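For reference, the structure discussed in these notes is given below.
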Amino acid sequence: QVQLVESGGGLVQAGDSLRLSCAASGRTFRNYAMAWFRQAPGKEREFVARISRSGANPYYTDSVKGRFTISRDNAKNTGNLQMTGLKPEDTAVYYCAVSNTVGIQTDTAQYDYWGQGTQVTVSS
């Protein structure tokens, strides 16, 4: 198993920045692709960004391109999501997840382990 713990969420104003972190333990983190998802109240969980095992090939949903940056440090077993230019519509619980499926994985069903989530609230 892989245990994931997110941190870094909070209440910010529109235009501000936040950096989310995901700390992994258990099985070898570098063996898994990593992603961030988010879930707003009353909505389904949606894909935000994904990065490969090596840290290459970041992939983003259109609504965050140019504003969010996903990264990882396999030596430290951590992943990050740098969020800039935050908008009220970015308000959600943000989850990190890992997958051993090859390719661009944007479906929640493709992910094997999940964190408990961290709340991000952006006020207008």
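These numbers come from a predicted model, not from an experiment. The first residue in the sequence is number 1, and the count goes up from there.
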CA sep, side-chain torsions, deciding dist, call: D90, R67, side chain to side chain contact (heavy atoms under 4.5 Å, CB included): CA-CA 11 Å; D90 294 318; R67 299 189 299 122; 2.8 Å; yes

Evaluation steps, side chain to side chain contact (heavy atoms under 4.5 Å, CB included), between L81 and V48: CA-CA 10 Å; L81 185 68; V48 175; 4.3 Å; yes

Step-by-step side chain to side chain contact (heavy atoms under 4.5 Å, CB included) determination, I70 to M34: CA-CA 9 Å; I70 188 172; M34 188 195 78; 3.9 Å; yes

Verdict with reasoning, V98 to W114, per side chain to side chain contact (heavy atoms under 4.5 Å, CB included): CA-CA 7 Å; V98 295; W114 293 80; over 6 Å; no

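Residues F37 and R45 approach most closely at CB-CG, 3.8 Å, considering heavy atoms. When all heavy atoms of A14 and S124 are compared, the closest pair comes out as CB-CA, 4.4 Å.
Although no hydrogens or angles enter the test, the distance criterion places no donor-acceptor pair under 3.5 Å between the side chain of T91 and the main chain of T121. The backbone N or O of T118 lies less than 3.5 Å from no partner atom in the side chain of E6, so there is not a single donor-acceptor pair. R72 places a side-chain N or O within 3.5 Å of a backbone atom of F29 that can act as its donor or acceptor partner. Remark: the backbone N or O of N31 is not paired with any side-chain donor or acceptor of N100 at under 3.5 angstrom.
Put simply, the side chain of P41 does not reach to within 4.5 Å of the side chain of Q39, judged on heavy atoms. Between Q116 and V5 the shortest side-chain heavy-atom distance falls below 4.5 Å. In this structure the side chain of T106 reaches within 4.5 angstrom of the side chain of Y59, judged on heavy atoms. Side chains of F47 and W36 form no contact here, defined as non-hydrogen atoms less than 4.5 Å apart.
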Acceptor/donor pairs from residues 16-26 side chains to any protein atom, 3.5 angstrom cut, sequence neighbours excluded:
from : atom 1 : to  : atom 2 : distance (Å)
D16  : OD2    : Q13 : N      : 3.1
R19  : NH1    : Q82 : OE1    : 3.3
S21  : OG     : N80 : OD1    : 2.9
S25  : OG     : Q3  : OE1    : 3.4

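With a 6.0 Å cutoff to the six-membered ring centre and a 45° limit on the axis angle, R38 does not count as a cation-pi contact of Y95.
Applying the 6.0 Å contact sphere to OH of Y113 captures more than 12 heavy atoms from other residues, nucleotides or ligands.
With sequence neighbours excluded, no residue forms a side chain to side chain donor-acceptor pair (under 3.5 Å) with K43.
V64 and V93 sit in two unconnected hydrophobic clusters of ILVMFWY residues. Membership requires side-chain heavy atoms under 4.5 Å apart, directly or through other members.
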